[in-house]
Student: 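The structure follows.
Computed from a prediction, not measured in an experiment: that's the story for all the values here.
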Amino acid sequence: MTILCSRLKNVDFSSVYFNAAQKVLVLKTSKAASLADLRGQKVCATSGSDSLARIIAAGAIGVPVQYWTDCLVLLQQGDVAAISTDDAILDGLKAQDPWTTVVGSPVSHEPYGLAISKQHPDFVRFVNAVLEQLRSDGQWAASYAHWIGHPVPAPPPAQYAD
């Protein structure tokens with residue numbers, strides 16, 4: 001999940017393993033090229049997500065749902081003009097519907113890490129060691145190429161709190 005200061009109050013995180021960015025998914029027939037183009041229109045996101053607040057801040061009408069696939073159904077039915085969240089999620093929704101496309105520059109940057117109970121700092125260190133091995137032996141790049149495609153960027157450099 002996205003590493004946020006508010007979440008750090010409740011859980012610890014691994015080092016960043018993926019950098020996502022909030023973008024917008026629309027039907028290919030849409031004239032919208034960014035979240036700003038959807039001002040006054042309905043844009044879907046999951047309840048309680050960071051994405052919903054950014055949708056509203058951009059002047060669009062936020063439509064909260066329980067699951068991202070609910071957003072896809074609303075888009076397909078014409079009940080919303082777009083979906084806005086992390087591009088990794090949008091790419092998965094796009095794969096389910098060839099009539100959609102991801103548009104716009106990043107609305108925000110979303111560093112992903114693994115959330116781990118604050119009661120298990122040794123597990124955080126273990127996960128970070130595994131992530132470092134994946135970065136250094138090429139497995140991170142191979143996984144990125146397999147699941148996301150090319151070009152493959154350099155993995156996010158590890159930064160540690162202690």
Student: Find the distance between CD1 (Ile55) and CD (Gln41) and round it off to the nearest 0.5 Å.
Tutor: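 Atom-to-atom, Ile55:CD1 and Gln41:CD are 12.5 Å apart.
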
Student: Below 4.0 angstrom, N of the basic side chain to O of the carboxylate: do Arg125 and Asp122 qualify?
Tutor: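 Looking at Arg125 and Asp122, the cut-off is met.
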
Student: How would you list, by chain and number, every residue that makes a side-chain contact (heavy atoms from CB on, under 4.5 Å) with Ala32, sequence neighbours excluded?
Tutor: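 Result, side-chain contact (heavy atoms from CB on, under 4.5 Å) vs Ala32: Val26, Ser30, Asp37, Leu38.
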
Student: Gln66 and Ser47: side chain to side chain donor-acceptor pair (under 3.5 Å), yes or no, with the steps?
Tutor: CA-CA 6 Å; Gln66 186 170 4; Ser47 302; over 6 Å; no

Student: Measure the spacing between CG of Leu93 and CG of Leu25 and express it to the nearest 0.5 Å.
Tutor: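 Leu93 atom CG to Leu25 atom CG measures 6.0 Å (nearest 0.5 Å).
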
Student: So do the side chains of Leu52 and Thr46 get within less than 4.5 Å of each other, counting heavy atoms only?
Tutor: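 They are not in side-chain contact.
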
Student: Starting from Val16, walk the hydrophobic network (Ile, Leu, Val, Met, Phe, Trp, Tyr; side-chain heavy atoms closer than 4.5 Å) and list everyone else you reach, by chain and number.
Tutor: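 Answer for Val16: Met1, Ile3, Leu8, Val11, Phe13.
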
Student: OH of Tyr17 to CG of Leu131: how many Å apart, nearest 0.5 Å?
Tutor: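 Rounded to the nearest 0.5 Å, the OH-CG separation comes out at 8.5 Å.
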
Student: Is the closest side-chain heavy-atom distance between Val124 and His120 below 4.5 Å?
Tutor: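 Answer no - side chains too far apart.
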
Student: Tell me, do Thr100 and Leu75 make a side-chain contact under 4.5 Å, heavy atoms counted?
Tutor: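 Yes. Closest side-chain heavy atoms under 4.5 Å.
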
Student: Should Ile148 and Phe18 be marked as a side chain to side chain contact (heavy atoms under 4.5 Å, CB included) after you check the CA-CA gap, both sets of side-chain angles, and the distance that decides it?
Tutor: CA-CA 11 Å; Ile148 299 173; Phe18 180 75; 3.3 Å; yes

Student: Taking the side chain as C-beta and beyond, is there a heavy-atom pair between Val127 and Ile116 under 4.5 Å?
Tutor: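 Of all side-chain heavy-atom pairs linking Ile116 with Val127, at least one is under 4.5 Å.
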
Student: Are Leu72 and Asp97 side-chain neighbours, meaning at least one heavy-atom pair lies under 4.5 Å?
Tutor: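 Counting from C-beta outward, Leu72 and Asp97 do come under 4.5 Å.
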
Student: Are side-chain heavy atoms of Lys23 and Ser51 found at a separation under 4.5 Å?
Tutor: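 No, side chains not in contact.
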
Student: Check Arg54 with Glu110, please: is the shortest side-chain N to carboxylate O separation under 4.0 Å?
Tutor: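 Yes, Glu110 and Arg54 are salt-bridged.
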
Student: For the pair Asp86 (side chain) and Ala21 (backbone), establish whether a donor and an acceptor sit closer than 3.5 Å, ignoring hydrogens and angles.
Tutor: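 No.
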
Student: Would a 4.5 Å heavy-atom cut-off, applied to side chains only, mark Leu74 and Val65 as touching?
Tutor: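 Side-chain contact under 4.5 Å: yes.
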
Student: Could you check if a side-chain atom of Pro153 sits within less than 4.5 angstrom of a side-chain atom of Tyr144, using non-hydrogen atoms only?
Tutor: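 A side-chain contact exists here, since the closest heavy-atom pair is under 4.5 Å.
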
